[in-house]
Amino acid sequence: MSTVVGTAIGERGKITRGHLDLGEYPDGAIRSPVVIATGAEPGPVLWLQACIHGPEVVGPLAIQRFLKTVDLGQLKGTVACLMLANPLGFRGYNRLTPQDGYNLNRVFPGDAEGHYSYQLAHRLLEVSLATGDAMLDLHSGGDLTITCHYTLFHNDGSPQGAVSERLAYASGAPNIWNSLEPSLAGAHFAAYTKRGKPALIVESGGGARVTEEDIARLTQAVFGVAQALDMLPGEPPKRDRYRLGADAIHMKATRGGLFLPFVAPGDDVVRGQHIADIVDLYGDVVQAVHCPVERAWVGSIRRPHMPIYNGDQVFELVGTREA
Ligand SMILES: [Zn+2]
């Protein structure tokens with residue numbers, strides 16, 4: 001049976017296109033492009049999506065590269081690609097949904113009668129669960145932040161949580177983070193896993209630019225996860241060493257000014273380390289930022305030299321766990 005997403009209909013051995021309606025403007029449909037890659041042989045369906053945060057355009061670029069390079073003759077099963085999980089965020093180049101100001105990836109499982117973002121979350125969850133046997137959600141830091149290369153999953157001890165963890169290692173990321181944090185309980189990947197199917201987020205890059213390395217990493221994650229699901233031949237990437245994470249903290253500035261970090265995404269940091277200054281327009285340091293936890297790695301960082309308000313997030317520090 002072929003996979004159908006909105007107007008896109010899968011066809012054995014072909015790449016087909018269409019669109020999925022995800023809400024309504026006052027004058028018509030809010031919709032996302034959909035591409036379905038159907039292999040020569042039947043197999044699982046991987047739900048692949050991008051731009052749940054509007055500016056995170058590494059995602060659609062990586063999906064495009066996957067679709068241009070995958071050998072459908074070798075593919076067993078289907079990759080269903082939703083190019084824009086949040087079309088309004090994409091058009092507004094906004095991490096939040098411009099219509100109602102919510103972070104879409106914090107309001108799952110959503111509500112069919114709630115605010116726009118809640119209705120969208122509800123629809124995304126139902127369509128992705130009805131279509132996919134597993135989900136891969138592509139992220140980056142977008143415009144305001146830069147993330148290191150990491151994979152997030154929700155292993156709560158369930159069988160699908162364990163599969164999520166196995167797929168995380170296949171994604172090729174050197175940093176593997178089992179996030180059971182309450183702050184991510186409303187994320188799509190967590191809701192998907194709680195509903196019985198494995199899911200991952202893979203992150204790389206941001207800071208209002210896209211590098212070749214970021215596109216290559218997210219593309220590799222698609223191939224690696226497909227290999228781990230036995231949808232493509234070959235072994236997924238394997239590293240000698242992984243850095244594990246948990247219990248992230250999100251540090252906010254307490255002063256306004258210009259942000260001058262001394263560490264980069266992915267760096268290891270220890271308690272007391274001087275990791276950034278915030279300087280005022282006279283060049284005086286108004287806040288020296290120090291690492292408040294014993295051992296962590298920099299999951300994401302505010303784009304260097306950005307003007308910031310007090311209260312803006314400047315660091316995501318992920319607690320280090322031994323592999
Ligand atoms: Zn994101």
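Numbering of ligands and ligand atoms starts at 1, following listing order. Heads up: numbering here begins at 1 and tracks the sequence.
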### Task
Determine whether the aromatic ring centres of Phe189 and Phe153 lie less than 6.0 Å apart.
no

## Note on the structure
Sorted by chain and number, sequence neighbours left out, salt bridge (Lys or Arg N to Asp or Glu O under 4.0 Å) with Arg195 holds for Glu126

### Message
Applying salt bridge (Lys or Arg N to Asp or Glu O under 4.0 Å), can you list everything that pairs with Glu41, at least two apart in sequence or on another chain?
### Response
none

### Query
Where does the angle between the aromatic ring planes of Tyr102 and His115 fall among parallel (under 30°), tilted (30 to 60°) and perpendicular (over 60°)?
tilted

### Summary
Report for the Zn ion (ligand 1), protein N, O or S closer than 2.8 Å, by chain and number, lists His53 ND1, Glu56 OE1, Glu56 OE2, His139 ND1

### Task
Any salt bridge (Lys or Arg N to Asp or Glu O under 4.0 Å) involving residues 159-170? Give me the pairs, sequence neighbours left out, ordered by first then second residue.
none

### Message
Strictly below 4.0 Å, N to O, side chains only: are Arg255 and Asp280 in salt-bridge contact?
### Response
no

